[in-house]
Structures are given as C-alpha cells and as structure tokens.
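Here's the structure, in structure tokens; my notes come after.
Just so it is clear, the structure is predicted and the values come from calculations on it, not from any experiment. Order of appearance sets the numbers: ligands from 1, and atoms from 1 within every ligand. We use all heavy atoms of the structure for the numbers below, so side chains are in, but hydrogens, waters and symmetry mates are not. The chain is numbered in sequence order, starting from 1.
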Amino acid sequence: MTVTLLVPTLNEAVGMRSIMPKVRREWVDQILIVDGKSKDGTADIAREMGYDVVLQQTPGIRGAYMDALPFIKGDIILTFSPDGNSIPELIPVCIAKIKEGYDMVIVSRYAQGAKSYDDDMVTAFGNKLFTGCINLLHGAKYTDAMVIYRAYPKKLIHDLDLDKDSSYSFEENLFRTKISWEPLLSIRAAKRRLQVVDIPGDEPAREGGERKLQVLKWGAAYMFEIWREIFIWR
Ligand SMILES: Nc1nc2c(ncn2[C@@H]2O[C@H](COP(=O)(O)OP(=O)(O)OP(=O)(O)O)[C@@H](O)[C@H]2O)c(=O)[nH]1
Ligand SMILES: [Mg+2]
C-alpha cells in the first residue's frame, strides 16, 4: 500500500516554508503539490524544496484534485492543507489507521478531545450543521464530514463518481460556484456503508495567506447537495 500526500495550494508561500518542513518525507511515498497558479511564488518555493508540483488548469479545489489525479502514484490519497490547519504529526497516525483496514480515515476537528482554532462562529455552526444533516439524512455517524484532512483509496474517486462533473453540476450552476468533493465523499461513503473512522485532530489557526472559503455560496451548494443526494445516486 503506497500513500500520496496531496497538498493543494493557492498563495500559501508562508505555510509552504513553515509547515511543509515538518512533514517527514519518509512518512509517505509521494508528496504532490497542486498549485492553483499562486501569485506569491508558492509553486517555485515548492519546487526548490524538491517537491513534485502540478500546475492546476481547471478552476476550484476540485479542479486541483482532478488535475493532480494522473500524477498521483499512491493507492491511498491523504489530503493535507499546508496553511497551518492540518497538524503534520497526525499524518503517520492517519496512515496507521488506514493500514488497519478502514476505507477512510478522517482527522476530525469536532471529535472528542479535538478543537478548531480556525473556526469563526459561522464556520463552526456550518460545519456542525452540515455534518449533522449528513448523519441524519444518510445514516452516518461522522463528527466532521467536511474537513479536507483525510485519507482514502484513490480508487474511491472513481467508485463514488467524484470525478464526474455531473455529480456537482446542478448545485454548482444554481449557486454559480465550484465546490470541493469532501462532503460528497462523506455522503457517498455513508451510502455505500463503507468503514470510516474519525481520529481527533485540532485545527490550528491559519498561518499566512488568505482564506478562500466562500461562506454563502459553498454553504448553499453543500446544503443543496446533501438533500439532493437523497434522491440521486444509488
Ligand atoms: N490548488 C488550489 N488550492 C486551493 C484552492 N482553493 C483553496 N486551495 C488550498 O486548499 C487548502 C485548503 O483550503 P481551505 O482550508 O479549504 O480553505 P482556506 O482558504 O484555508 O479557509 P479556512 O481554512 O477556513 O481559513 C489551502 O492550502 C488552500 O490554499 C484552489 O482553487 N486551487
Ligand atoms: Mg484552511
């Protein structure tokens, strides 16, 4: 079993310099940076540090994942945010759990013992609301269905149709935005009754850079998606 640490970046020069050196290269088999044409030199810094860099052409964070897909060598993808929100030391913990045989491991900000220092009142409320709705409507027991920091087999992307634009196009067109695939991954993993485990992991505050979150548009699109999934996709 091989692991690719997939690191999406959009103007994360500060985190690239301060967070990524804390990621020990022997923890994973590949570290792949997918950069959304950062203007602060993130991609050049990453290359200087010796990482493989993919320059994203398709917009949005899901576009970044899709553009990175052909370059992902690992059987397992571990998505990691280099903006300070993901604690590097949890990478081996996460991989150890996957090796126990789980289909997905989520580093949960809201599991017992964990805390988000990045949330404001709106994101704290939103993340808990979305997670609660996913649990209620799709029979899951997540404590954090939204977070990026998680590990899952690359094969799931195809199995759960996460790689199809049609899985998102209704809500993306309706709310004129591009959304990521973590919430849909959580929903469809629950629908397939996959074995998912949470490990508690604090979310430290962002270091450098700027927040890209589109609170209203993404909130609306994700809520729509959660309900739409009751009727669409087996
Ligand atoms: N390549 C690429 N990376 C992105 C894009 N949007 C966000 N990211 C990166 O994805 C990572 C996770 O972003 P998020 O944590 O979801 O968003 P954020 O802007 O950090 O917002 P907060 O965590 O709420 O502060 C960060 O490293 C971002 O720089 C994108 O369109 N393309
Ligand atoms: Mg972040």
Side-chain angles (χ1 to χ4, degrees), residues 4-23 31-47 49 51-72 77-88 90-91 106-110 114-131 144-151 165 168 172 176-186 201-219 221-222:
T4 293
L5 191 79
L6 182 60
V7 185
T9 57
L10 186 53
N11 301 320
E12 304 290 2
V14 172
M16 189 53 63
R17 287 206 175 92
S18 68
I19 304 294
M20 288 309 290
K22 296 180 187 160
V23 175
I31 298 178
L32 186 61
I33 313 291
V34 50
D35 186 67
K37 299 191 184 127
S38 295
K39 293 196 169 69
D40 66 352
T42 302
D44 292 332
I45 298 166
R47 273 192 218 97
M49 292 170 78
Y51 298 124
D52 292 345
V53 179
V54 174
L55 288 183
Q56 151 188 13
Q57 305 300 327
T58 319
I61 192 152
R62 185 162 57 81
Y65 293 159
M66 284 303 292
D67 289 355
L69 212 48
F71 302 95
I72 296 176
I77 297 178
L78 206 179
T79 38
F80 180 87
S81 184
D83 58 358
N85 291 161
S86 309
I87 296 178
L90 291 174
I91 292 171
I106 297 181
V107 182
S108 168
R109 300 163 287 185
Y110 311 114
K115 186 172 160 52
S116 171
Y117 296 90
D118 195 58
D119 269 338
D120 54 33
M121 265 164 61
V122 174
T123 59
F125 176 77
N127 284 327
K128 283 174 190 158
L129 176 71
F130 297 134
T131 300
D144 188 349
M146 309 301 286
V147 73
I148 282 183
Y149 202 3
R150 59 175 75 195
D165 278 340
Y168 317 86
E172 285 190 343
R176 290 163 204 251
T177 186
K178 292 280 173 199
I179 52 178
S180 192
W181 69 33
E182 284 80 10
L184 194 60
L185 170 55
S186 302
D202 286 351
E203 180 182 46
R206 171 175 260 292
E207 279 187 30
E210 271 175 22
R211 193 177 235 188
K212 284 106 209 166
L213 185 71
Q214 302 169 21
V215 175
L216 286 179
K217 286 188 168 199
W218 289 0
Y222 287 138

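- For the pair Trp181 and Thr79, the minimum side-chain heavy-atom distance is 4.5 Å or more.
- Considering each of Val215, Thr79, Thr9, the one bringing a non-hydrogen atom nearest atom 3 (N) of ligand 1 is Thr9.
- Between Glu207 and Glu12, every side-chain heavy-atom pair lies at or beyond the 4.5 Å cut-off.
- Side-chain contact check for Glu182 and Tyr65: at least one donor-acceptor pair (N or O, by modelled atom type) lies under 3.5 Å.
- When side chains are defined from C-beta on, Pro82 counts as touching Thr9, because their heavy atoms get closer than 4.5 Å.
- Looking only at protein heavy atoms, the nearest one to atom 2 (C) of ligand 1 is Gln56 OE1, 3.2 Å.
- Close approach of ligand 1 to Arg206 is summarised as follows: ligand atoms under 4.0 Å from at least one heavy atom of the residue are 18 (P), 19 (O), 20 (O), 25 (O).
- Side-chain contact, Asp35 with Tyr51: no donor N or O sits under 3.5 Å from an acceptor N or O.
- Annotation: side chain of Arg109 is not in contact with side chain of Asp118 (no heavy-atom distance under 4.5 Å).
- Atom numbering of ligand 1 starts at 1 in the shown order; those under 4.0 Å from a heavy atom of Glu12 are 26 (C), 27 (O), 28 (C), 29 (O).
- With contacts defined as side-chain heavy-atom distances shorter than 4.5 Å, the pair Val23/Phe80 qualifies.
- By the neighbour-count criterion of 12 heavy atoms within 6.0 Å, atom CD of Gln214 is densely surrounded, having more than that number from other residues, nucleotides or ligands.
- Judged by distance alone, with hydrogens and angles left aside, the side-chain atoms of Arg47 form no donor-acceptor pair with the main-chain N or O of Met49 at under 3.5 Å.
- Residue Asp83 approaches the Mg ion (ligand 2) most closely through its N/O/S atom OD2.
- Distances from the Mg ion (ligand 2) show that Asn85 has an N/O/S atom below 2.8 Å.
- Considering backbone and side-chain atoms alike, Asp118 places an N or O below 3.5 Å from some N or O of ligand 1.
- The protein non-hydrogen atom at the shortest distance from atom 27 (O) of ligand 1 is Pro8 O, 2.9 Å.
- The shortest contact between atom 21 (O) of ligand 1 and any protein heavy atom is with Arg211 CG, 3.2 Å.
- In the vicinity of Pro82, heavy-atom distances shorter than 4.0 Å reach the ligand 1 atoms 27 (O).
- Which of Asn11, Thr42, Ile148, Ile61 comes nearest to atom 10 (O) of ligand 1 through a heavy atom is settled by distance: it is Ile61.
- Residue-ligand proximity, Val34 to ligand 1, at heavy-atom distances under 4.0 Å covers atoms 1 (N).
- In terms of N/O distances under 3.5 Å, ligand 1 is approached by Leu10.
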